[in-house]
Amino acid sequence: MTEGTRVLVLNAGSSSVKYQLIDMLDGTRLASGLVERIGEPNGRLVHTGPGGAKRETLQVFPDHGAALKAVAEELGADGLGLDSPELAAIGHRVVHGGRRFTAPTLVTDEVLAEIRRLIPVAPLHNPANITGIEVARALRPDLPQVAVFDTAFHATMPEYAARYAIDKAVADEHRVRRYGFHGTSHQYVSRATARLLGKDPAEVNVIVLHLGNGGSASAVAGGVCQDTSMGLTPLEGLVMGTRSGDVDPGVVFHLHRVGGLSIDEIDALLNRRSGLLGLCGDNDMREIMRRADEGDADAKLAFDTYVHRLRKYLGGYYAVLGRVDAIAFTAGVGENAAPVRAAACAGLEELGIAVDPELNSVRSGEPRVISPAYARVTVAVVPTDEELEIAQQSFALVHSA
């Protein structure tokens with residue numbers, strides 16, 4: 001068992017690395033930062049050290065190895081280097097864990113090979129996650145590396161919720177099923193919502209709406225996920241910044257056969273040029289709301305389409321759970337866009353759902369209730385903390401080993 005109390009959390013993207021160093025004795029953020037535009041000529045590292053002091057470095061980071069070495073140097077400059085005996089583990093966000101990885105997992109060569117085998121179902125994410133793990137292992141080969149999977153929290157979904165209604169043999173052969181994503185956020189927020197209500201998570205049914213540039217909803221009963229909006233990939237479900245969300249599969253065939261688009265072109269269309277961006281040319285909800293307020297028809301259509309899909313999932317998950325104690329809005333849009341929250345809940349008083357305009361207008365970084373006292377269902381804004389969730393899971397695993 002390791003004696004250190006600190007966990008370094010790494011979230012390696014295709015061209016970025018986000019990190020936080022957390023002391024698990026009290027949850028203190030000792031340092032955090034972001035390296036972006038890796039492999040491009042205008043790379044940037046923004047580091048926040050103890051006391052909130054910020055440093056910015058502009059340089060070329062040719063690859064993730066160079067980026068993580070720069071992170072190690074920044075941490076070392078604050079006396080928090082990777083060689084510190086206080087470091088208990090490095091926790092890694094890994095997007096897709098398939099059916100095998102349903103809990104935080106110590107990284108071994110075999111585990112890494114299985115994550116690599118899952119690349120076809122997460123081609124935009126797992127390769128970068130793997131690179132982050134490999135570089136961190138090279139920098140500290142003696143330190144436990146823990147993979148925490150976006151899909152793990154959703155592994156409890158009943159089989160009838162996880163299955164697509166296609167030929168079972170074909171689905172099994174190619175591992176086609178609904179996995180769900182943003183799991184660390186949904187897990188953290190569902191528990192934090194129960195705390196806000198002063199109840200044990202086992203007693204609470206929550207609909208979690210994680211709304212950022214990517215977006216997903218989940219139905220959580222007693223701390224256990226019953227359904228979630230994303231599927232085999234993060235493309236399914238809600239309207240997102242650049243992703244379409246739910247779409248008739250026949251659209252793909254039509255665009256290929258009639259429109260002459262290749263499969264790769266359709267993939268790029270649905271993932272990168274759809275959603276809010278496809279509808280109005282913007283994927284920033286703040287700009288869309290501003291344009292809609294000024295009478296821009298495309299922006300209003302984008303906003304209305306976004307909210308309509310959100311309400312469909314909210315109502316659907318109400319039916320899945322049967323009893324709803326709380327609805328929790330989280331992530332960038334969920335935490336900051338009061339008009340989205342108001343529109344999503346408007347007219348649902350018969351379901352016990354209402355939003356108080358005054359409470360909804362308050363901006364705060366703290367969990368807060370935005371529904372009136374008379375509402376049967378508590379509507380709340382609950383800031384997510386995926387890094388803390390990853391750190392907690394990583395720390396618990398290495399201390400149980």
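- Summarising the local packing, CD of Glu159 is surrounded by more than 12 heavy atoms from other residues, nucleotides or ligands at distances under 6.0 Å.
- Of the possible polar contacts, none joining the Asp325 side chain to the Val377 backbone as a donor-acceptor pair under 3.5 Å is found.
- We find that Arg29 and Glu387 are not joined by a salt bridge, their nearest charged nitrogen and carboxylate oxygen being 4.0 Å or further apart.
- Taking both residues in full, the closest heavy atoms of Leu118 and Gly97 are given as CD1-C, 3.4 Å, listed atom of the first, atom of the second, then distance.
- Crowding of Arg163 atom CZ: a count of heavy atoms from other residues, nucleotides or ligands under 6.0 Å exceeding 12.
- Arg363 and Asn336 share a side-chain donor-acceptor pair at under 3.5 Å.
- Glu287 has no carboxylate O lying under 4.0 Å from a charged side-chain N of Arg291, or vice versa, which leaves the two without a salt bridge.
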In a table with atom names and distances, give each donor-acceptor pair under 3.5 Å that connects a side chain of residues 194-208 to protein atoms at least two apart or in another chain.
from: Asp200; atom 1: OD1; to: Ala202; atom 2: N; distance (Å): 2.7
from: Asn205; atom 1: OD1; to: Gly222; atom 2: N; distance (Å): 3.4
from: Asn205; atom 1: ND2; to: Arg323; atom 2: O; distance (Å): 2.9

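- Side-chain rings of His96 and Phe181 approach one another, their centers coming within less than 6.0 Å.
- Annotation: the span from Leu8 atom CG to Ser394 atom OG amounts to 10.0 Å, rounded to 0.5 Å.
- Between the side chain of Arg368 and the backbone N or O of Ser364, at least one donor-acceptor pair lies under 3.5 Å.
- Looking at His47 and Asp78, their side chains do bring a donor and an acceptor atom within 3.5 Å of each other.
- A side-chain donor-acceptor contact under 3.5 Å links Tyr317 to the backbone of Ser229.
- You'll find the side chain of Leu45 stays beyond 4.5 Å of the side chain of Leu34, heavy atoms only.
- Salt-bridge check for Asp172 with Arg99: failed, with every basic side-chain N at 4.0 Å or more from each acidic carboxylate O.
- Minimum interatomic distance between Leu348 and Leu314 (heavy atoms only, all atoms of both residues): CD1-CD2, 4.2 Å.
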For the pair Glu134 and Arg116, evaluate salt bridge (Lys or Arg N to Asp or Glu O under 4.0 Å) and give the outcome as yes or no after the intermediate values.
-> CA-CA 12 Å; Glu134 289 176 333; Arg116 188 171 282 109; 2.6 Å; yes
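- In summary, the aromatic rings of His154 and His186 are positioned with their centroids under 6.0 Å apart.
- How far CG of Asp298 is from CG of Asp296: 5.5 Å, rounded to the nearest 0.5 Å.
- Under the rule for a ring pair (Phe, Tyr, Trp, His ring centres under 6.0 Å), the partners of Phe101 that lie at least two apart in sequence or sit in another chain are Phe149.
- Asp109 has a carboxylate O that lies under 4.0 Å from a charged side-chain N of Arg137, or vice versa, which qualifies the two as a salt bridge.
- In this structure, CD1 in Ile38 is found 8.0 Å from CG in Asp63, a value given to the nearest 0.5 Å.
- A side-chain donor-acceptor contact under 3.5 Å links Thr193 to the backbone of Val189.
- The CD1 atom of Ile115 sits 9.5 Å away from the NE2 atom of His92 when rounded to the nearest 0.5 Å.
- Of the candidates Asn271, Leu269, Leu270, Asp267 forms a side chain to side chain contact (heavy atoms under 4.5 Å, CB included) with just one, namely Asn271.
- Rounded to the nearest 0.5 Å, atoms CZ (Arg6) and CG (Leu75) are 10.0 Å apart.
- Shown here is Glu56, whose CD atom has more than 12 heavy atoms of other residues, nucleotides or ligands within 6.0 Å.
- At least one donor-acceptor pair under 3.5 Å links the side chain of Arg341 to the backbone N or O of Asn360.
- Residue Asp227 comes nearest to Met157 through the heavy atom pair CA-SD, 3.7 Å, listed as atom of the first residue, atom of the second, then distance.
- The minimum heavy-atom distance between Ala217 and Leu238, with the atom names listed, is N-CD1, 4.0 Å.
- Closest approach of Ala12 to His64, counting heavy atoms only: CB-CD2, 4.3 Å.
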Would Ser185 and His210 satisfy side-chain hydrogen bond (donor to acceptor under 3.5 Å, both in side chains), going step by step from the backbone distance to the final call?
-> CA-CA 8 Å; Ser185 177; His210 176 108; 2.7 Å; yes
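- The backbone N or O of Thr384 sits less than 3.5 Å from a side-chain atom of Glu335, completing a donor-acceptor pair.
- A salt bridge links Glu110 to Arg100: at least one charged side-chain nitrogen sits closer than 4.0 Å to a carboxylate oxygen.
- In this structure, Asp284 CG and Ile288 CD1 are separated by 7.0 Å, a value rounded to the nearest 0.5 Å.
- Between the side chains of Ser262 and Asp264, no donor-acceptor pair is found at a separation under 3.5 Å.
- Between the side chains of Tyr164 and Glu236, a donor-acceptor pair is found at a separation under 3.5 Å.
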Going through the distances and angles, do Val35 and Val71 end up as a side chain to side chain contact (heavy atoms under 4.5 Å, CB included)?
-> CA-CA 8 Å; Val35 186; Val71 169; 3.7 Å; yes
Audit row: Ile130, Leu112, side chain to side chain contact (heavy atoms under 4.5 Å, CB included) steps and yes/no = CA-CA 7 Å; Ile130 291 166; Leu112 202 55; 4.2 Å; yes
Under the side chain to side chain contact (heavy atoms under 4.5 Å, CB included) rule, what do Val340 and Leu310 come out as? Steps first, then yes or no, please.
-> CA-CA 9 Å; Val340 169; Leu310 192 54; 4.0 Å; yes
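- Taking each heavy atom of Cys345 and Val379 in turn, the nearest pair found is SG-CG1, 4.3 Å.
- Remark: the backbone N or O of Thr48 is not paired with any side-chain donor or acceptor of Arg55 at under 3.5 angstrom.
- In this structure, Arg309 contributes its side chain and Gly237 its backbone to a donor-acceptor pair below 3.5 Å.
- The backbone N or O of Ala103 sits less than 3.5 Å from a side-chain atom of Thr105, completing a donor-acceptor pair.
- Salt bridge annotation for Lys300-Asp304: present, with a cationic side-chain nitrogen under 4.0 angstrom from a carboxylate oxygen.
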So Arg290 and Glu294, salt bridge (Lys or Arg N to Asp or Glu O under 4.0 Å) or not? Walk me through it.
-> CA-CA 6 Å; Arg290 183 194 66 77; Glu294 293 178 355; 2.9 Å; yes
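- Between the side chain of Thr233 and the backbone N or O of Leu235, at least one donor-acceptor pair lies under 3.5 Å.
- Ion pairing between Arg191 and Glu389 holds under the 4.0 Å rule for side-chain N and carboxylate O.
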